[in-house]
Every structure is written in structure tokens, then in C-alpha cells.
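Structure first, commentary second.
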Amino acid sequence: MERTDFGGNLRLSDVGREVVLCGWAANRRNLGSLLFIDLRDKSGYVQLVSDHPEDFPDVRNEYVIQAFGTVRKKDVPNPNLPTGEIEVYLHRLVVVNKAVNPPFIIADKTDALEDTRLQYRYLDLRRPALQKKLRVRAEIVKAWHEYFDANGFLEVETPILNLSSPEGARDYLVPSRLHHGCFYALPQSPQLWKQLLMVGGIERYYQVAKCFRDEDLRADRQPEFTQLDEEVSFMDMDQILALNEGFLAKAFKEVIGVDVQLPLRRMKYWDAMDIYGSDKPDTRYEILLRDLKSIMEKTSFEGFKGDCFVKGIVVPGVAHETSRKVLDELQAEARKFSLKGVMSLKYENGALSGSFLKFMDEATQKELAEFLGLKDDDLLLFASHESRRAIDFGMGALRTLYGKKLGLIKPNTYDLLWVVDFPMFDPVEGEPGRYTAEHHPFTRPRDEDLPLLDTKPEEVLAYAYDIIINGYEAGGGTLRIYDHDIQWKIFNLLGLSDEEVARKFGWFIDAFQYGAPPHGGIAFGLDRLAMIMSGTDNIRDVEAFPKNLQAADPMSHAPSTVDQEQLDAVGVKIVEE
Ligand code: ASP
């Protein structure tokens, strides 16, 4: 089809040119003697104009059109459009295809419900803002390919139909027709395959990998998502981090023009937890967790005595507006993180106030105010818990809440850091001696901590690293165990009997007996990177066809029931709920 230009690219330098444009009629105003049509294509908008509306066919919103005209300077520029200094004076207009009235107006700013937008995603995708986000996503992938290709990485595809193996989340299962009663699992990540590629001598692997996890959804989580997945042999942790920082710097520069200072700083897991109350700390604002145990155990409040952690945060400038209702909301938030009660004290007119004061003598009040350096209008929130992780996560959640609420985070700032020295194991609360893997079971414990596996597993730290950007876990990886016996032992520590290890992972661990190189890797969450770099906090904005929060697709109506015949073929019987 004839087309000379993408309309959104036209500028003053094009004035006088005869152009042929294709696109959609985004907005049409027929003022009787004047006709204006905004033509939209993938490059943006340009205004078409005619002073002979009667010469042209009737065009409604979202008609597909081809426009022939001359670029001319606009008398009154439109500062809101990149093409606002010019317009295209129409000679001929062809209606290529008609459109029925769309269910919502297709414009960057929309108040259409998200489910409606997802139901008509092909219309939603016409919005330039959404296309821009998809472009950011694609450019990240491009930078990644360029960078790792230049570093000698080989793209290898790994299977989608896999053996079900516990990796933290619930598997999506696919019934097998040929193997009655058996199921494949969709990959939660290509973890085992990429390690086997290292045993296979590939040495440097990468892949844009689709991953599937059947978890409850959140604003930053989808049932299927994409990892930029890598694995490399014969590199230590410093080398792997340096390699990947290089990619991040390239991507930030090339995709959004942001300079990232290298090397990135590293924060130990327990420092991140102690100070920020999170293993993915957003360090762009200065509300920090404070350890109040030694002061609070001097109070007469029983809940702060004995074997527990007491921590607090000071929120500046909010004491005067902190009503009972606000405090109740905070309690509700804290309960989500298993904190039973959050106490509060205000600092106003040079003194503490609040019902908790009845548990504190004056000397302790003074000590607390001095220790925290309290200032007028400060609000102190504090709580206790017997678990170190629980108190940190709970207070960290309140910190995040206030960081957002008070607008302490400057927009368009990027805070990149590695969190390192993760514990190998996460104790299962209320079940002493039971552990889950903090990262995954293939993570290599630090050499110096190996003796602790037999004595104090909870103190074992691992060669694990997460890349944190603006409080999001944008990626994570580890050095891997490459010793058959250690891998076996880790599974035992995670509660698997020898028989279970052999049955579930024998096929994998066996490979380590045939000369497995030291190896490690990382996976970036492409969706999260794209969210961060395109400035949205909604993961669905950076996926072309996402699922809604109920893991459903309002457009195609997946998931759906299937024909009885299909069920019979795979031997699946539906039990009514
Ligand atoms: N497979 C890991 C994950 O999905 C990433 C890695 O360790 O490379 O989190």
C-alpha cells in the first residue's frame, strides 16, 4: 500500500512535501467549512486538515484511512503534540476500512476499566502510551541480545513440557495423552536445563524464557512472565555481577538515556532486612528501621520482654494528622505481615504523647527520644515479634507505605543495588528444624559455611544475589552446587528423603558425577525491568496480552472448560466443586 511516511514523524523540516499516510482516524471534527482529522499510526499523531470537507468521504473514529496531502506549517502550533508545528493539508482521503464505535475512547488518558481494556486489548494497544511501553520492553531485549552475544553467549531454547519439580511456586500442569495419568509441568524457570547445559559444555547460555507459576497475582506478578535467563561456567560471583552490571548500564543508557554508575553497590541480606525491612530495599528515602529492644525492655509492657525483637520507624511530619482511623489502617497493613499489634507514640511540643506512655517512666521516655533524635511532629511506630524476619518484613511494609504516601520517592530516579549474602535456608515458622530454600535448592552455600550444614543450617549463607531496582527484585541468581553429594545433602536438609531425592531429582544430580564445571547464573524479570524503565507499577502495562488479577483473559475467556472428548483423551475427570 502506498505510504511515504509515518505521520507522527513529520516535522517543520517536512513542510512543502507531498506525503501519503496510513493509519486510524483518532479524532474527527467537521466544523462545516473546516475538517480536522487526527491520524494515528505507530509513530503517534498528526493532524489532517481541509477547508473543503464536502470533497472527502465521511470518516468516523477508528476508521482505517489513507491520506494524501501536503505538509504545511500550522498557524497556531499545538505544544502538546510532537507534530504540533505542522499539519497535512488533504488532497485525497481513502477509507480503507470502516470501524464500529469502539467501547472506549482510544487515547493515552483513559478512564475505561482495566477489564474492558483487556477485553478489547487490540484497541487498547492502539494507545501510544501502551505502544511506548512495549517498545521499551523490546529495546531491553535488544540490548540484552547485543550484550550477551558480544560476550560469547549462545541462545538455547529449553523445553516447555517438563517434569514437575518443586521450585517454590505451584506448577501449571498439562495432562499427557500418551502417558495416561501422567502430567507435564510448565517451567517455573529453565533452572535445571541451564545447569545441564553447563554440564553439556555450552559454557555460556542465554534465553528469553517464558516461565509459568501458579501463584496469587499482584500488581507486579503474572501467571506467565518472561525471564532474561543466563548461565555461565568458570566465573566466580564477582565476575558474574560485573558482567551483568555491564548489561544493566547498557540497557539503562540505550533504552531510557540514564547513566548508571558502576560498580553497583552491594548490601548484605541481613543489613537490608535490619535497616530497610526488606530483601528488596528501596533506598531512595530515609525512613529506617531502628532496633528498640534494649530500650523497650525497660518498659513495663510484657510484650517487649524476653526472647523477641522490637523495632520501630520514625515517620517525620505526620504526627498531627495521625488519627485513630489512620492507626487502625496501619494495624491492618501490619497484620498482613503477621505483626499482631503496632504501637505508636507521637512527639509534639518537645514531648512524647500516646497511651503507650503509661508503660514508660520518664527516664526511658527521654532515652527513647534522644536515641531516635525525635523532632516535632514525628510519629514513632513500633512492634515486636519473636521472628527476626517477621518483625523486619512487618516494619518494612509500614516504611514502604509511608514512603509512597508521603511522596518521598522522587520520580524518574533509579536506585540499583545488589543484595548479597542471603541465607541458604528460610526456617518454616512454627516448625523447628524445617526449612525451605531462600533462593532455590541448587544454590551453593558459601565454602566457609559448609561445616554449618550439619550444625546450624539456619546460619549458612549462600552465593546468592538479587538485583534490586527501586524496591523491585528485577532479577536474581546464584552460584550453583556442582558437587553430587552436597546437592543431595541440601535436598535432605530441605526435608526430602533419599528415596524422594532419587525419584524427583536423581536424573539431574546424576549429571554432576560426569564432570560438572563450576557454574552460576541469573535471571532478570523482563516484565519488571520493563515496568521500571517505562515508569509504570502495573505489570499488565508491559505485556501485550496479560491476564487479569483472576488469572483470566477477559478477551479470549481463557481459561475455559473443554469438550468431554478432550478430557477423555487425557483421562481427566472433572469433579464438581
Ligand atoms: N532460576 C532462578 C529463578 O527463576 C534464577 C537463577 O537462579 O538463575 O529465580
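Order of appearance sets the numbers: ligands from 1, and atoms from 1 within every ligand. Only a predicted model underlies this, so the values are computations on that prediction, with no experimental measurement involved.
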Item to complete: Report the C-alpha separation of K489 and D454 in whole Å, then their side-chain angles, then the decisive distance to 0.1 Å, and conclude whether the side-chain contact (heavy atoms from CB on, under 4.5 Å) test is met.
Response: CA-CA 10 Å; K489 187 176 187 141; D454 294 316; 2.7 Å; yes

Item to complete: May I ask you to list the atoms of ligand 1 that are less than 4.0 angstrom from any heavy atom of Q191?
Response: 1 (N), 2 (C), 5 (C), 6 (C), 7 (O), 8 (O)

Worksheet item: Is it the side chain, the backbone, both or neither of T443 that has a heavy atom closer than 4.0 Å to ligand 1?
Response: neither

Worksheet item: Who gets closest to atom 8 (O) of ligand 1 by heavy atom: E231, E473, K194?
Response: K194

Worksheet entry | Crowding at CD, E431 (>12 non-hydrogen neighbours, <6.0 Å) | yes

Worksheet item: At a non-hydrogen distance cut-off of under 4.0 Å, which region of A523 contacts ligand 1 (side chain, backbone, both, or neither)?
Response: both

Worksheet item: Going by the atom numbers of ligand 1, which of them fall below 4.0 Å from some non-hydrogen atom of G477?
Response: 6 (C), 7 (O)

Item to complete: Run the numbers for me: atoms of ligand 1, each under 4.0 Å from some heavy atom of R213, listed by number.
Response: 3 (C), 4 (O)

Worksheet entry | Q195 and ligand 1 - part of the residue with a heavy-atom distance under 4.0 Å | neither

Worksheet item: Does even one non-hydrogen atom of E230 get within less than 4.0 Å of ligand 1?
Response: no

Worksheet item: For ligand 1, which atoms sit closer than 4.0 Å to a heavy atom of S189?
Response: 1 (N), 4 (O)

Worksheet item: Is there a side-chain contact between V419 and P281, using heavy atoms and a 4.5 Å cut-off?
Response: yes

Fill in: For I522, the ligand 1 atoms whose distance to one of its heavy atoms is below 4.0 Å
8 (O)

Discussion item. Measuring from atom OH of Y269 to atom CG of D392, what distance do you get when rounded to the nearest 0.5 angstrom?
Written reply: 8.0 Å

Worksheet entry | Distance-only N or O hit between ligand 1 and D229, under 3.5 Å | no

Discussion item. Tell me whether the rings of Y147 and F247 are parallel (<30°), tilted (30 to 60°) or perpendicular (>60°).
Written reply: tilted

Worksheet item: Any idea which part of Q188 is under 4.0 Å from ligand 1, heavy-atom wise: side chain, backbone, both or neither?
Response: neither

Practice prompt. Test the R170-F212 pair against the cation-pi criterion, namely NZ or CZ under 6.0 angstrom from the six-membered ring centroid and within 45° of the ring axis.
Written response: no

Item to complete: Before accepting this row, confirm whether a basic side-chain N of the pair R213/E224 lies closer than 4.0 Å to the acidic partner's carboxylate O.
Response: no

Discussion item. Check the orientation of F442 and F505. Use parallel for under 30°, tilted for 30 to 60°, and perpendicular for over 60°.
Written reply: perpendicular

Worksheet item: Under 3.5 Å, is there a donor-acceptor pair linking the side chains of Q222 and D527?
Response: no

Worksheet item: Counting heavy atoms only, which part of H439 comes closer than 4.0 Å to ligand 1: side chain, backbone, both or neither?
Response: neither

Worksheet item: Counting both backbone and side chain atoms, is some N or O of R480 under 3.5 Å from an N or O of ligand 1?
Response: yes

Item to complete: Examine the side chains of D553 and N548 and answer whether a donor and an acceptor come within less than 3.5 Å of each other.
Response: no

Item to complete: Would you kindly specify which portion of Q227 sits under 4.0 Å from ligand 1, judged on non-hydrogen atoms: side chain, backbone, both or neither?
Response: side chain

